[in-house]
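All values reported here derive from a predicted model rather than from experimental measurement.
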Amino acid sequence: MAAAMAGTALFVKQWRKWQQTPPVGIHSHQAGLAGYYQQVGPWRMFTRVTPESRPGLPVVLLHGLVLSGRAMEDLALALGWEYRVLVPDLPGFGGSSLPASQPVLSVDQLAEALWLWMQQNQLSRAIFIGNSMGCQVLAALAVAHPEAVAGLVLQGPTVDRHNRTLLRQIWRDWINGRREAHRSPAALSRIDYAKAGIWRAMSTMRLMMRDRIEQRLPHIKAPTLVVRGSFDVVSPARWVTEMVALLPRGELMTIPQGTHTLHYVYPWSYSRAIRPFIARVQKEQENHE
Amino acid sequence: MSKPPKGVARFDSSAAMVMALSNALHQRPFSSPSQSPTLDRMLPALNLLPERVREWGYALGGMAEGITLSQAQQLDIEGIARWVASQYPQQQYQAAFVGSSNGAMVHLAAAMGVPWLPQTFLCPVRSLHNDPDDAQKGMADGKPITDALLAASPHLAVHHMQDPNQDRLMLDQMSYFRLKHRKLPLEYHEFLLSALPPGGTLVINHCTQQWPATRTSDRSFYQFGAVGGATEQEYFSGGPRVMEYLARNGVEREKWEPPAPDVTVPEAEWGFDAHLMAELKKLANSQNWKLVELRYENPEALSFVTAEIYRDWYLSAGVIASRLVVDNFLLMDPWTTMQQYAIPFWLTFCTEPSASSLQRYLERQPRFRNIDLLLFSHGTESIGMASIERWQQLLNYATDEGAFIGVDTERFPRDFATLSRFDEELKQRAPLLPPPEPLTTETFLAGVQRYGEKFQVECLLHN
């Protein structure tokens with residue numbers, strides 16, 4: 001009994017410590033990645049930004065479920081060589097965490113918050129890169145505000161419509177986790193779970209499962225690159241191919257040996273792989289202007 | 001320092017050189033090629049045993065590194081590449097080497113403080129009760145393993161290698177498969193992109209050494225014999241030295257009868273498979289890296305150039321180098337060598353052609369005051385092995401003292417304890433001082449261009 005109480009006390013202590021973890025990792029901070037809080041409509045949101053101001057369209061990185069923009073920091077730094085990169089945390093997650101009393105936002109509401117965030121940061125148009133649930137939010141944004149989206153990179157998009165069950169998704173996440181155990185984002189997940197709170201994480205997962213990205217895809221006007229790691233079981237090849245077929249301007253890229261969170265596990269290889277697409281969108285934008 | 005994953009042999013040149021270089025980059029000596037304190041403690045005891053038991057113990061140690069056929073089927077190529085990349089400090093470098101294993105190149109990389117990613121690694125597979133001299137059977141028995149390794153990755157070339165002359169002891173219980181990356185593994189890719197900023201230099205270490213082989217598929221080859229003391233002709237057609245060697249080992253045959261070679265391919269251990277070249281060029285161009293190719297045939301050609309570059313490097317730090325450390329195969333310690341302001345001269349093996357290389361070098365140089373010689377023991381009196389007397393003759397070139405370092409001359413070539421002794425003894429030879437400022441890429445390139453032509457080392461700039 002005493003041991004159980006001591007264990008619980010220790011866990012609570014650790015949980016609080018995770019909640020208080022600074023939103024920008026120490027190595028990213030040393031590499032020049034800055035962060036700021038701002039009031040965006042009713043939400044207090046946190047954004048990371050690369051040190052150099054680069055010409056051209058900014059690139060916005062959007063995290064998936066549970067993992068916050070912290071998992072995008074290496075990718076931001078890799079892309080920061082050429083582009084101005086911003087990494088917001090969606091309301092309720094990471095640095096933008098909310099008290100449990102605040103409502104859980106649906107995919108559409110998260111997309112709306114992202115659009116508000118763009119207004120607040122004077123971004124009229126940007127190139128977006130998302131992972132997992134971030135792809136669902138980006139698809140919603142691209143449909144609701146097509147003028148804001150110059151190009152989209154959807155990496156490991158969810159939810160596979162052929163396996164829309166929570167149990168199956170958890171099982172696939174677990175297999176994926178084993179495949180990226182060598183550079184696992186699990187430690188970050190723990191921090192982000194603590195910041196978001198279990199209830200918000202679970203409720204968002206439920207809303208995410210209900211969202212049907214496939215219904216939005218035919219309405220996305222922006223050029224869209226769908227990226228899949230060949231070892232990603234969460235976004236299987238059949239599903240991703242089907243998605244690309246639904247997109248009016250979709251293209252598919254497979255990264256051999258890549259996993260579901262390859263933006264975190266292999267940020268440099270991933271950034272190099274998508275760079276030609278970003279350059280093409282940038283050029284398209286210049287010609288457009 | 002973590003142990004290599006299953007499927008990589010620590011007793012091989014490639015893995016050992018990665019560890020030697022990574023130790024230098026971490027500013028540590030390379031004192032334990034085995035990476036096992038227990039094994040290091042056992043080796044001196046092994047040396048005391050009778051000859052046959054010693055040989056058996058050595059083969060058993062090697063066998064422990066071997067994997068099974070089913071493990072070969074699931075070989076984790078990315079895991080192996082990850083292990084290599086994780087040996088080096090995670091930081092940005094002025095340059096990086098990729099390609100052939102070569103001890104001289106390891107010294108150059110160590111002086112520059114930059115990493116090297118090997119193209120080739122040795123995957124030893126357990127295969128009990130082999131006949132090292134039966135090449136036909138060796139090739140047939142190796143077929144399922146080759147197929148398993150080919151299936152493990154579509155981007156590997158598999159070189160099944162059988163050298164009854166130099167690997168006699170190990171071949172009793174295992175087969176050698178050298179695997180060459182024809183495309184960069186994702187882990188190498190990731191490491192290079194994160195470690196080399198735009199403007200950095202990627203150096204391809206391209207050893208053009210070839211060997212006749214029998215093609216077993218579009219990506220696999222069977223190589224009989226290897227670079228060392230015996231000639232290609234001796235392996236394939238025999239000769240008096242072969243006859244005498246076989247008789248000495250109690251083998252009832254006058255020569256080997258390997259399958260007829262039908263192709264000439266990059267030599268399994270040292271040669272560079274040029275399939276990787278196009279990808280490296282594309283990568284370098286997209287990242288704004290300078291791409292440099294070091295191209296040479298004889299692995300020891302680079303030793304001459306490296307020794308010259310080291311001499312100039314020390315000189316620029318105000319030191320006239322008077323010590324020479326002669327490395328042998330995987331016995332080397334770049335960090336200690338630099339700390340002693342000694343010039344490294346790497347030899348592929350303990351054979352007569354290597355002894356001749358050293359002699360050629362010594363004859364052209366002002367006399368060294370000290371020569372320290374490391375000598376690898378491979379457990380068998382192979383064709384072309386240089387005797388202790390021959391090495392002693394070369395040590396006599398020193399004006400003050402030429403010494404065997406960590407070598408039990410009585411027990412050579414069965415002096416297995418040398419693996420645990422060589423570095424401790426090397427460290428005792430001279431005071432250890434902070435090495436000069438790292439060699440810059442520009443100085444390294446200028447050095448290769450200045451001395452390369454003289455020793456048949458080409459330096460090609462690709463962009």
Does A:His27 NE2 have over 12 foreign heavy atoms under 6.0 Å away? no
| query | Less than 4.0 Å between a side-chain N and a carboxylate O, is that true for A:Arg179 and B:Glu78? | reply | no
In this structure, CG of B:Leu196 is separated from CH2 of A:Trp268 (nearest 0.5 Å) by 10.5 Å
The interface call for B:Leu283 against chain A, heavy-atom contacts under 4.5 Å, is both
How about A:Gln19: does its CD atom have over 12 heavy atoms from other parts shown lying under 6.0 Å from it? yes
Here the pair of heavy atoms bringing A:Arg272 nearest to B:Lys282 is NH2-O, 3.6 Å
More than 12 heavy atoms of other residues, nucleotides or ligands under 6.0 Å from NE2 of A:His29: yes or no?
no
Highest number of heavy-atom pairs under 4.5 Å with chain A among B:Gly79, B:Ser286, B:Pro197 belongs to B:Ser286
Bottom line for A:Pro267: the part with an atom under 4.5 Å from chain B's heavy atoms is both
> Between B:Glu187 and A:Tyr266, does any side-chain donor sit less than 3.5 Å from a side-chain acceptor?
Replying inline: yes
So with a 6.0 Å cut-off around CD1 of A:Ile170, is the heavy-atom count from everything else above 12?
yes
For a 4.5 angstrom cut-off between non-hydrogen side-chain atoms, does B:Leu186 reach A:Pro256? no
* Test side-chain contact (heavy atoms from CB on, under 4.5 Å) on B:Glu190 and A:Arg183 and set out the steps. => CA-CA 12 Å; B:Glu190 188 65 19; A:Arg183 215 172 286 149; 4.0 Å; yes
